[in-house]
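Below, chain A is the first sequence line, B the second, and so on; all start at residue 1.
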There are 2 protein chains.
Amino acid sequence: MDRIEAMRAFVAVVNEGTFTRAADRLDTSPQLVSKYVSQLEAHLGVRLLNRTTRRTHLTEAGTHYHQRAQQVLADIDDMENQLGNLQTQAQGLLRISAPVSFAIRHMAPLLSEFQKAHPAVGIDLQLNDRKVDILEEGFDIALRIGHLKNSSLIAKRLAPVRLVLCASPDYLKQHGTPQSPEELSHHRYLQYSYMDIGPGHPLQKWLQTQGRKSDGSMISNNGDVLVESAIAGAGVALQPTFIAGDAIKDGKLQVILPEYEPQPMALYAVYAHRQLLASKVRGFIDFVDGFFGKTPYWDQF
Amino acid sequence: MDRIEAMRAFVAVVNEGTFTRAADRLDTSPQLVSKYVSQLEAHLGVRLLNRTTRRTHLTEAGTHYHQRAQQVLADIDDMENQLGNLQTQAQGLLRISAPVSFAIRHMAPLLSEFQKAHPAVGIDLQLNDRKVDILEEGFDIALRIGHLKNSSLIAKRLAPVRLVLCASPDYLKQHGTPQSPEELSHHRYLQYSYMDIGPGHPLQKWLQTQGRKSDGSMISNNGDVLVESAIAGAGVALQPTFIAGDAIKDGKLQVILPEYEPQPMALYAVYAHRQLLASKVRGFIDFVDGFFGKTPYWDQF
DNA sequence: TTTATTATCAACTTTATATTGATAATCAGA
DNA sequence: TCTGATTATCAATATAAAGTTGATAATAAA
């Protein structure tokens with residue numbers, strides 16, 4: 001027995017006066033209403049209604065139960081409506097984790113446009129370059145850059161992320177512009193801590209050997225710093241275009257060995273499940289999907 | 001799906017932290033708990049829990065739902081407990097309808113002893129000689145005297161009700177003591193309005209003919225009055241011993257034609273149903289049953 | 001890596017549900 | 001008083017759901 005339905009049946013009988021009219025109102029048969037009320041009485045161990053074939057009368061217990069049951073049913077309905085609204089109206093707080101450098105440069109317009117479209121959604125944007133556990137830390141969505149390993153999470157590809165080797169024109173004038181990967185060995189590498197372009201790539205060997213040097217080399221876990229260093233002529237950086245794009249466009253950096261550009265990575269939105277997704281999450285995914293286009297503005301140089 | 005059980009499962013999972021422990025607490029299988037929560041989510045159209053194999057985390061919707069669901073469940077439990085107590089503890093107001101003359105003479109000690117045994121039960125005693133509709137008028141029990149027609153009501157026999165023909169010794173001295181029904185025709189009958197001893201009885205004919213006379217006859221719907229009149233020597237009365245008993249014992253009235261005494265009627269407790277009887281009603285029925293014994297005290301003359 | 005724990009799935013058995021038709025009780029009006 | 005209409009409930013059956021068991025994938029800890 002679904003006790004909630006049974007309670008609804010009982011309350012309907014009391015309010016409508018007869019089993020038949022209650023059945024009409026609940027879109028069911030009088031037999032079923034009768035059964036429901038009987039089961040409810042059996043469950044409670046109390047007679048709620050004195051019924052003849054022509055009329056029904058509440059017992060003392062029934063009077064008490066009716067009052068409170070009505071309240072409980074109203075509570076449940078209210079609760080479910082509230083959840084329904086939460087669901088359809090896209091409201092609540094959307095917690096997003098995003099990579100530091102990307103977020104600083106490119107997320108402000110995205111978020112402000114999203115909030116224009118969904119005014120009831122609050123946003124909590126946390127910048128992290130480590131791989132957060134979105135469930136454990138309570139994130140709705142994490143934006144990630146890289147080649148994703150398969151996991152139980154859903155990943156939606158949002159934009160390509162090109163990596164380019166680049167250095168300042170001044171630096172290249174001084175040290176020469178490499179024409180092949182081998183010539184790179186004479187250059188200083190501005191290394192990003194978590195860089196991984198995959199094994200087998202022509203540049204891979206250079207990246208690894210440079211990383212091991214300790215003579216005046218530079219490592220950072222922040223791409224902006226490395227790009228700024230490259231602009232200042234400190235060496236060669238392998239960085240995504242969403243960081244280096246502006247400097248390239250302005251002529252402050254020059255792309256080298258473009259024919260050896262690694263396979264592009266991608267920006268992903270990662271979230272926990274596909275079904276019964278809160279609409280604030282659904283809405284954000286849909287919104288950000290296609291926002292940057294196939295060739296994002298930062299790649300237009 | 002029983003939504004209440006599903007809510008209980010969800011709340012247990014949240015409070016216990018895992019599906020398995022929740023299942024332990026609810027004495028069921030983790031599979032079932034999982035199913036319940038899934039169904040609840042499907043019903044609500046919202047994901048309530050983000051779950052991995054190792055841990056569960058509430059969603060925003062889940063947090064809201066958990067709070068309110070806990071409240072609703074507590075409400076329901078409280079409501080049912082209250083009804084349970086009402087049921088087991090015999091409390092509430094017991095509404096009784098009883099015949100006027102009987103109640104006046106014999107119910108006070110019964111009721112006061114009953115209330116000693118069940119202090120939480122209040123009594124509303126309404127005196128009526130008409131046949132009340134106990135459901136329509138909201139009575140729990142009606143005491144009735146007579147031969148009951150079968151109906152949908154339950155009738156429990158409580159005591160025999162003997163009818164005796166009687167008159168005052170003075171009256172009999174003046175008019176003679178009848179030795180056969182035929183001799184009654186010379187006597188004045190103090191008639192009770194609703195008297196019916198059934199067809200075929202030797203006295204039946206006399207009762208009917210006397211009732212039609214209009215010369216100084218006496219009719220009342222109250223037996224006390226008729227008995228008082230008989231004591232005063234106004235005529236012969238056919239009245240129950242619970243009214244006339246005292247006067248007979250005191251010698252103020254004399255029984256005549258005892259060998260023609262009608263088949264005894266009975267005092268009945270009439271109530272609406274056998275199952276799920278409120279315990280105040282059950283308690284009263286049990287209490288009054290046997291209270292008067294096989295030969296009630298008013299018949300001991 | 002291996003082992004243990006956990007949530008969920010899938011298939012099945014058992015139980016409950018809802019539907020239909022029938023019945024007894026009651027009321028209204030003739 | 002009788003007939004027809006209304007009403008609650010019963011009984012039987014077809015359908016759907018619940019609950020059970022064993023298996024699987026994912027994760028955490030050893």
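In this structure, A:R144 forms no cation-pi arrangement with A:Y268, as its terminal cationic atom is not both closer than 6.0 Å to the ring centre and no more than 45° off the ring axis.
If one axis is set at each end of the helix from C:dT1-D:dA30 to C:dA30-D:dT1 from five pairs, those axes are 30° apart, to 10°.
Between B:F10 and B:Y36, the ring centre distance reaches or exceeds 6.0 Å.
Here the P atom of nucleotide D:dA8 and the CD atom of A:E41 are 13 Å apart, to the nearest Å. Between the CG atom of A:L32 and the P atom of D:dA16 there is a distance of 15 Å, given to the nearest Å. To the nearest angstrom, C1' of D:dT7 lies 16 Å from CG of A:N50. In this structure, A:R47 atom CZ and D:dA8 atom P are separated by 13 Å, rounded to whole Å.
Contacts of residues 19-30 of chain B with DNA chain D (heavy atom under 4.0 Å): none.
For the salt bridge (Lys or Arg N to Asp or Glu O under 4.0 Å) with B:D289, the qualifying choice from B:R157, B:K156, B:R282 is B:K156, the only one to do so.
The shortest side-chain heavy-atom distance between A:H43 and B:E80 falls under the 4.5 Å cut-off. You'll find the side chain of B:L94 stays beyond 4.5 Å of the side chain of B:F139, heavy atoms only. Looking at A:V33 and A:Q31, their side chains never come closer than 4.5 Å, going by heavy atoms from C-beta outward. Looking at B:Q67 and B:V11, their side chains never come closer than 4.5 Å, going by heavy atoms from C-beta outward.
If you find the closest nucleotide of DNA chain D to B:Q39 and to B:Q31, the one lying nearer the 5' end belongs to B:Q39. Of the two residues contacting DNA chain D, namely A:D133 and A:V33, the nearest-nucleotide position lying further toward the 5' end is that of A:V33.
Judged by distance alone, the side chain of B:S220 and the main-chain N or O of B:Y192 form no donor-acceptor pair under 3.5 Å.
Residue A:E5 is out of contact with every strand shown, counting any heavy-atom pair closer than 4.0 Å.
Of the side-chain N and O atoms in A:Y36, none sit less than 4.0 angstrom from OP1 or OP2 of C:dT17.
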